[in-house]
Q: 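Sharing a structure below in structure tokens format, with a few things to ask.
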Amino acid sequence: MGPEAAGTVCRLDGRYVTDVPGLKCALGEAVAGPGYHFNQCWAVLRGCPCGGNLLPAPFTLVWHDADVAREALASISVDSAGELTYYESVVRFLQGLGITVVPR
């Protein structure tokens, strides 16, 4: 799973990221190829016991049409303080893994 080597550029098609399942599908396909999605666990991106492989870092994720997700997920938060939207939390999580996120 994941980019072949550090320095890879992955492209996320954000046109249809209007909910959390859509985001999991779009991110999975951007990073691991058509038909892949992060169904249960974001930790799969860092090699968790649920079957994930550690991704080579750093790599760049170019998120096309990021505004679609930013707006659609604005009312959803996983932050206990409610200060970050779901979109913002995902971007921070990815950045914490060494992934450069470039919203477009």
Side-chain angles (χ1 to χ4, degrees):
M1 179 191 99
E4 295 294 320
T8 298
V9 175
C10 298
R11 299 185 185 287
L12 189 154
D13 179 358
R15 293 177 291 170
Y16 307 106
V17 179
T18 58
D19 56 16
V20 174
L23 173 58
K24 290 179 178 183
C25 179
L27 182 59
E29 289 189 346
V31 172
Y36 194 89
H37 59 86
F38 297 116
N39 190 30
Q40 299 175 1
C41 179
W42 286 111
V44 74
L45 283 167
R46 63 182 145 186
C48 77
C50 66
N53 297 315
L54 186 62
L55 294 178
F59 73 91
T60 299
L61 179 71
V62 177
W63 190 330
H64 297 278
D65 297 303
D67 286 341
V68 173
R70 188 180 290 119
E71 292 172 20
L73 302 174
S75 64
I76 303 170
S77 178
V78 292
D79 174 21
S80 61
E83 296 175 0
L84 297 176
T85 66
Y86 194 85
Y87 170 86
E88 293 166 332
S89 295
V90 168
V91 170
R92 284 196 182 180
F93 176 76
L94 296 172
Q95 290 171 334
L97 294 175
I99 300 167
T100 301
V101 180
V102 180
R104 297 226 167 129

Q: Would you say Ile76 and Leu27 are hydrophobically clustered, going by side-chain heavy atoms of ILVMFWY under 4.5 Å?
A: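 As far as the 4.5 Å side-chain criterion goes, Leu27 and Ile76 are connected within one cluster.
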
Q: Determine whether Val62 and Tyr16 fall in the same hydrophobic cluster, where Ile, Leu, Val, Met, Phe, Trp and Tyr are linked whenever their side-chain heavy atoms lie under 4.5 Å apart.
A: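 No, separate clusters.
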
Q: Ignoring hydrogens, what is the shortest heavy-atom contact between Thr85 and Glu88? Give both atom names and the distance.
A: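 For Thr85 versus Glu88, the nearest heavy atoms are N-OE1, 2.7 Å.
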
Q: To the nearest 0.5 angstrom, please state how far the OG atom of Ser75 sits from the CG atom of Leu73.
A: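 If I round to the nearest 0.5 Å, the distance is 8.0 Å.
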
Q: If the condition is side chain to side chain contact (heavy atoms under 4.5 Å, CB included), which residues does Gln95 pass it with, not counting sequence neighbours?
A: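 In terms of side chain to side chain contact (heavy atoms under 4.5 Å, CB included), with neighbours along the sequence ignored, Gln95 is linked to Val91, Arg92, Val101.
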
Q: Once you round to the nearest 0.5 Å, how far does CG of Leu12 lie from CG of Leu94?
A: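 Rounded to the nearest 0.5 Å, the CG-CG separation comes out at 9.0 Å.
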
Q: Is Val20 reachable from Leu61 through a run of hydrophobic residues whose side-chain heavy atoms are each under 4.5 Å from the next?
A: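 Yes, same cluster.
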
Q: Do you know which two heavy atoms are closest between Ala30 and Arg11, and how far apart they sit?
A: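 Here Ala30 and Arg11 meet closest at CB-O, 3.3 Å.
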
Q: What are the two closest heavy atoms between Gly22 and Val17, and how far apart are they?
A: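 Where Gly22 meets Val17 most closely, the heavy atoms are O-CG2, 4.1 Å.
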
Q: If every non-hydrogen atom of Arg15 is compared with every non-hydrogen atom of Val68, which pair is closest and at what distance?
A: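 Closest pair (atom of Arg15, atom of Val68, distance): O-CG1, 3.7 Å.
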
Q: Applying ring pair (Phe, Tyr, Trp, His ring centres under 6.0 Å) as the test, list every pair that has at least one member in residues 61-85; sequence neighbours left out.
A: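 For residues 61-85, and leaving out neighbouring residues, the ring pair (Phe, Tyr, Trp, His ring centres under 6.0 Å) pairs sorted by first residue read Trp63-Tyr87.
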
Q: When clusters are formed by joining ILVMFWY residues with side-chain heavy atoms under 4.5 Å apart, either directly or through shared neighbours, do Phe93 and Val31 land in the same one?
A: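 Result: yes, single cluster for both.
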
Q: Does Val90 belong to the same Ile/Leu/Val/Met/Phe/Trp/Tyr cluster as Val78, with side-chain heavy atoms less than 4.5 Å apart forming each link?
A: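 Yes, same cluster.
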
Q: List in chain and number order the residues that pass side chain to side chain contact (heavy atoms under 4.5 Å, CB included) with Asp19, two or more places apart in sequence or in another chain; answer none if no residue qualifies.
A: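 Scan of Asp19 (side chain to side chain contact (heavy atoms under 4.5 Å, CB included), adjacent residues dropped) gives Pro21.
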
